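Following: one structure in structure tokens, then a few remarks.
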2 protein chains.
Amino acid sequence: MRMSQGVEWALHTCLNLSWLDVPVPTSVLAAFYELPPAYLNKQLQALARAGILSSTSGPAGGFRLAREPEQVSLMDIVAAIEGPDELFRCDQILRQGPGKHAGVDYRDSCAFSQAMHRADLAWRSELAATSVAGIRANVERQHPKAPANTRERIAELRR
Amino acid sequence: MRMSQGVEWALHTCLNLSWLDVPVPTSVLAAFYELPPAYLNKQLQALARAGILSSTSGPAGGFRLAREPEQVSLMDIVAAIEGPDELFRCDQILRQGPGKHAGVDYRDSCAFSQAMHRADLAWRSELAATSVAGIRANVERQHPKAPANTRERIAELRR
DNA sequence: GGGTGAATACTCGGATATGGCCTGTCCGAGTTGACGCGG
DNA sequence: CCGCGTCAACTCGGACAGGCCATATCCGAGTATTCACCC
């Protein structure tokens, strides 16, 4: 149960985009970390569908953040890439055991399902409490030149 | 990123075993929930390797809990089936970006990696705080006849 | 010189192959209990 | 009747296929810019 590779790419790319207010094409964003452009594009499309990024076609087009960085949580990004499903999926095997009741939804009544759901919620809460803006502030405190360096490198890759 | 099917089987099987103090063969445990015996066996082997179950070969053999139910957390079971890896795997793409430093381990210094690690820890803590004994107490409170029903059904399947 | 039209280059977007892990199954090694035989 | 040795059945354990999702890629649809041509 490993998380998709694309999540890491999406996180860092969103941070970089938060330092740029003009659309940046996939090719440039991919070159920034030497990633496969076509595959990164797939991830960015998912972010766009989720309303995290907005896309522009044609020359001078690309992706940019659709909302303020404060309004983009890590949970949003993970959900956009990985989908909305919970980590634990209850298949209700209790329906096959003794003491089964036809009308019961064991996703609600099964004690294991409840416990796994609580853990899932703790994970999601932690992710939802962290925004791209928070990460950005953290990074800028430790590396004050990061925004300028990023903008410069993006400009170089554009040429 | 969905959790393996075997986790649900392992959880319920461990609970059932906590009500029985004699070895139960895979075939009986599988019939209890109408699961494929050979595949359930694979999961139980993983639990045995993790020290959660102990196995006995030959006639009257099978699996039983290796520790007291209080000493078996949901985290132990999940880790035994899914492996010890974290949900988020940091591939350190920052090594490919500008401002890279050769000797730096970005699994420690990257702010995203840290945040994802915190969320992972919250999830694991919640799972580690819940034991099979706790679930069992919960179930027995809501369904007092569950232990007797389970033992009876297991005895039937043995014949 | 200004406006208009087509051509062009650039970008996203979804449709299309490939590989690895989860799922599912099978057969062999080891062990225990049972049974029969001999004392 | 009791003890011992062989036998047989049962169980775990790891080795062996199949299917699905993550990975990786390509090409077509749409658009803004650019350029040339005409008025």
Side-chain angles (χ1 to χ4, degrees), chain A residues 1-10 13 17 22-31 33-64 66 78 80-85 87-89 91 93 157-159, chain B residues 1-10 13 17 22-31 33-64 66 78 80-83 85 87-89 91 93 154 157-159:
Chain A
M1 182 189 43
R2 208 177 68 254
M3 198 175 296
S4 165
Q5 182 76 38
V7 172
E8 186 178 7
W9 304 357
T13 300
L17 286 176
V22 293
V24 183
T26 302
S27 58
V28 172
L29 294 170
Y33 292 122
E34 301 178 15
L35 303 175
Y39 191 31
L40 176 63
N41 188 15
K42 196 183 186 65
Q43 317 296 343
L44 299 181
Q45 282 177 35
L47 294 175
R49 269 193 298 271
I52 296 171
L53 301 183
S54 70
S55 61
T56 313
S57 287
F63 292 93
R64 64 175 171 278
V78 170
I81 303 292
E82 292 291 329
D85 294 343
L87 296 175
F88 176 78
R89 179 186 165 203
D91 279 339
I93 65 173
L157 293 171
R158 258 185 210 282
R159 286 188 289 98
Chain B
M1 182 189 43
R2 207 178 67 255
M3 197 176 295
S4 165
Q5 180 76 39
V7 172
E8 184 178 7
W9 305 357
T13 299
L17 285 176
V22 293
V24 184
T26 302
S27 58
V28 173
L29 294 170
Y33 292 122
E34 301 179 12
L35 303 175
Y39 191 31
L40 176 63
N41 188 16
K42 198 182 186 67
Q43 317 296 341
L44 299 181
Q45 282 177 37
L47 293 174
R49 269 194 297 272
I52 297 171
L53 301 183
S54 70
S55 61
T56 313
S57 287
F63 292 93
R64 64 173 170 279
V78 169
I81 303 292
E82 291 291 329
D85 293 343
L87 296 175
F88 177 77
R89 179 187 166 201
D91 279 340
I93 65 174
I154 291 283
L157 293 170
R158 257 184 210 283
R159 288 188 288 101

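These numbers come from a predicted model, not from an experiment. Values reported hereafter were calculated over all heavy atoms of this structure, with side chains retained and with hydrogens, waters and symmetry mates removed. Chain A is the first sequence line, chain B the second, and so forth, proteins listed ahead of strands; every chain is numbered from 1.
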Task: Separation of C:dA15 P from A:Lys42 NZ (nearest whole Å) - done: 10 Å
Task: Whole-Å distance separating the CG atom of B:Leu35 from the C1' atom of C:dG24 - done: 12 Å
- [ ] In whole angstrom, give the distance that lies between atom CG of B:Asn41 and atom C1' of C:dC27.
- [x] 13 Å
- [ ] With DNA chain C as reference, determine whether A:Met1 or A:Val24 sits nearer its 5' end, using the nearest nucleotide of each.
- [x] A:Val24
Open item on the list: Taking the side chain as everything from C-beta on, heavy atoms only, tell me whether A:Arg89 gets closer than 4.5 Å to B:Met3.
Closed with: no
TODO: Name the nucleic acid region contacted by A:Pro36, choosing base, sugar-phosphate or nothing; use a 4.0 angstrom heavy-atom cut-off, strictly under.
DONE: sugar-phosphate
TODO: With heavy atoms under 4.0 Å as the rule, sort A:Thr26 into base, sugar-phosphate or nothing.
DONE: sugar-phosphate
TODO: With heavy atoms under 4.0 Å as the rule, sort B:Thr56 into base, sugar-phosphate or nothing.
DONE: sugar-phosphate
TODO: Could you grab the distance from atom CH2 of A:Trp9 to atom CD1 of A:Ile81, nearest 0.5 Å is fine?
DONE: 10.0 Å
TODO: Grab the CG-P distance between A:Leu44 and C:dG14 for me, whole Å please.
DONE: 13 Å
Task: Side-chain heavy atoms of A:Pro25 within contact of A:Arg158, under 4.5 Å - done: yes
- [ ] Please report, rounded to the nearest Å, how far the C1' atom of C:dC22 is from the CG atom of A:Leu87.
- [x] 17 Å
Open item on the list: If the cut-off is 4.0 Å, is A:Arg49 near the phosphate of C:dG13, judged by side-chain N/O to OP1 or OP2?
Closed with: no
Task: Closest-nucleotide 5' rank along DNA chain D - winner of B:Ala38 and A:Met3 - done: B:Ala38
TODO: Would you kindly give the CG-to-C1' distance between B:Leu40 and C:dG24, to the nearest whole Å?
DONE: 12 Å
TODO: Return the 5'-most residue of the pair A:Pro37, B:Arg2 with respect to DNA chain D, ranking by each residue's nearest nucleotide.
DONE: B:Arg2
TODO: Please tell me which of the listed nucleotides, C:dG14, C:dT16, C:dT23, lies nearest to the side chain of B:Gln5?
DONE: C:dT23
Task: Spacing of A:Asp91 atom CG and B:Gln5 atom CD [to the nearest 0.5 Å] - done: 4.0 Å
Task: pair B:Phe63-B:Val28: side-chain heavy atoms closer than 4.5 Å - done: no
Open item on the list: Contact between A:Leu47 and A:Thr13 at the side-chain level, heavy atoms closer than 4.5 Å - yes or no?
Closed with: no
- [ ] Name the first nucleotide and the last nucleotide along DNA chain D (5' to 3') that come under 4.0 Å of a heavy atom in chain B.
- [x] D:dC10 to D:dA22
Open item on the list: Rounded to whole Å, please give me the gap between CZ in A:Arg64 and P in C:dT11.
Closed with: 14 Å
- [ ] Starting at atom CH2 of B:Trp9, determine the distance to atom C1' of C:dC22, rounded to an integer number of angstrom.
- [x] 11 Å
Open item on the list: Any heavy-atom pair between the side chains of B:Met1 and A:Leu87 that's under 4.5 Å?
Closed with: yes
